[in-house]
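Atoms within a ligand are numbered from 1 in the order they appear, just like the ligands themselves. All heavy atoms count here, side chains included; hydrogens, waters and symmetry mates do not.
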Amino acid sequence: MDTTKLSKFYKKSHEEKISALFEAGVISDEERQTLLSNNLDLNLETGSNMIENHLGNYSLPLGVAMNFVIDGTNKVIPMAIEEPSVIAAASFAAKIISTGGGFSTDVPDRQVIGQVTLKHVGNMAEAREIVLNAKQAILDRANEAHPSIVKRGGGARDLTVRILEEPALPGFPAFLSVHLHIDTKEAMGANIINTMMEGIAPYIEELTGGTALLRILSNYATESLATSHCVIPAHALKTGKYTGEEVRDRIIEATQVATIDPYRAVTHNKGIMNGVDAVVAATGNDWRAVEASVHAYASRSGQYRSLTTWETNEQGDLTGSLTLPLPIGTVGGAISIHPAAQLSHTILGHPNVNELAGILASVGLAQNLAAVRALVTDGIQKGHMGLHARSLAISAGAKGEQVQQVADLLKQAPYMNLDSARSILRNLKYN
Ligand code: MEV
């Protein structure tokens, strides 16, 4: 990628942005034409084949975040999001992080978990032993239920058994949960796993004498973890008012607050997910699965905590790290159908699923740095207001050049709200 073509990207016109991506080697000529003709939407027929009672397609803005250097490679990051400032913030933080060499990621080989949960199992401990002893036969049956994933080099790899009991709820029944650990290769794997779990359930019923109540994947992707780290020289953090060291310490303190206070942690982690969800959506992945998994992971100690860690090293740098469970894929579902999802994978350079997971963790880390740095220095509103003013101007009815004119005047108005935007627009029209 020729990143020189991408400099001052945000200052370019829409057409210039698209040409710059082409000239930098991020998109092909065909994709450039698609973007120029605004042809990224699903067609009606595809949409109607995806869901029931289809009425039309719902669009989100698709943009790109810049300045990401991940494991030594420059990346342009596609993001589908309606919230102003997220892309600007991610790009800004990625630039700061690039002063320390960018992000380094750590993504061990992933497996996805499927569960058969049984009720009415007589002797739990005995049933557990019986299932463990039949491990190979169960794995074989699971793989026979989905031969195509085995052909692609994946398949069921391991089996564990959990007895689900809740002593804190007297009289509550116990269940037996049989987990398969499955290599789904590039797929998120929901269909593969559900087919396997339905395939093995009758045999497990036979083995245990219980009744299979649930046969489904677990979205708690504790075996699909991705970590991103960064090291930032303190001087790169300085603002007009604070030294780099002060900003570094304030970021660390703010993260300590989010580690001990769930009220703050939820907002802190929401900021992380602003970036993660935007890339998950852009790449055609299931953001509900990712959201559910990530927030459960934030509670793994028994208390909901910050997902990021910010500390200082011996050199006085700020060091950051973020680990996320990521139930995602690079093939299947909307990924193969949606033109914007396909373009997003191209923009990312067609990463494999582990690389995509590392990218997502890096985006989350950048997004958190941007938010917390702003919060502990100028406050968040300063950065938000520019784009918010444009949204208000559009809501008030401004068109074309009026949008910027109304937004500029709105920033000087005593109150930045819709009424002010309307009255500014009225004045503009009558002058
Ligand atoms: C807003 O969408 C996200 C923030 O609230 C995140 C945070 O507070 O860390 C700014």
Below 4.0 angstrom from a heavy atom of Glu83, which ligand 1 atoms are there? Numbered from 1 as shown, please. 1 (C), 2 (O)
Quick one: which ligand 1 atoms are inside 4.0 Å of a heavy atom on Leu375? 7 (C), 8 (O), 9 (O)
Backbone, side chain, both or neither: what part of Met273 comes under 4.0 angstrom of ligand 1, heavy atoms only? neither
Ligand 1 N/O within reach of Asn368 N/O, cut-off under 3.5 Å: no
Under 3.5 Å side-chain donor-acceptor pair for Gln342 and His338: no
Note: ligand 1 atoms sitting under 4.0 Å from heavy atoms of His268 are 9 (O)
What distance separates Ile96 CD1 from Ser91 OG, expressed to the nearest 0.5 Å? 11.5 Å
Hey, mind stepping through Asn39 and Thr34 against side chain to side chain donor-acceptor pair (under 3.5 Å) and telling me if it holds? CA-CA 5 Å; Asn39 233 346; Thr34 305; over 6 Å; no
Do any pairs count as a ring-ring contact (aromatic ring centres under 6.0 Å, His included) and have a residue in residues 74-115, sequence neighbours left out, and if so which ones? Phe68-Phe103
Could you list the atoms of ligand 1 found under 4.0 angstrom from a heavy atom of Lys270? 1 (C), 2 (O)
Holding to salt bridge (charged side-chain N to carboxylate O under 4.0 Å, His left out), I want the full list of residues that pass it with Asp249, two or more places apart in sequence or in another chain. none
Quick check: do Leu176 and Lys119 have side-chain heavy atoms less than 4.5 Å from each other? no
How does Asn274 reach ligand 1, by side chain, by backbone, by both or by neither, if only non-hydrogen atoms under 4.0 Å count? side chain
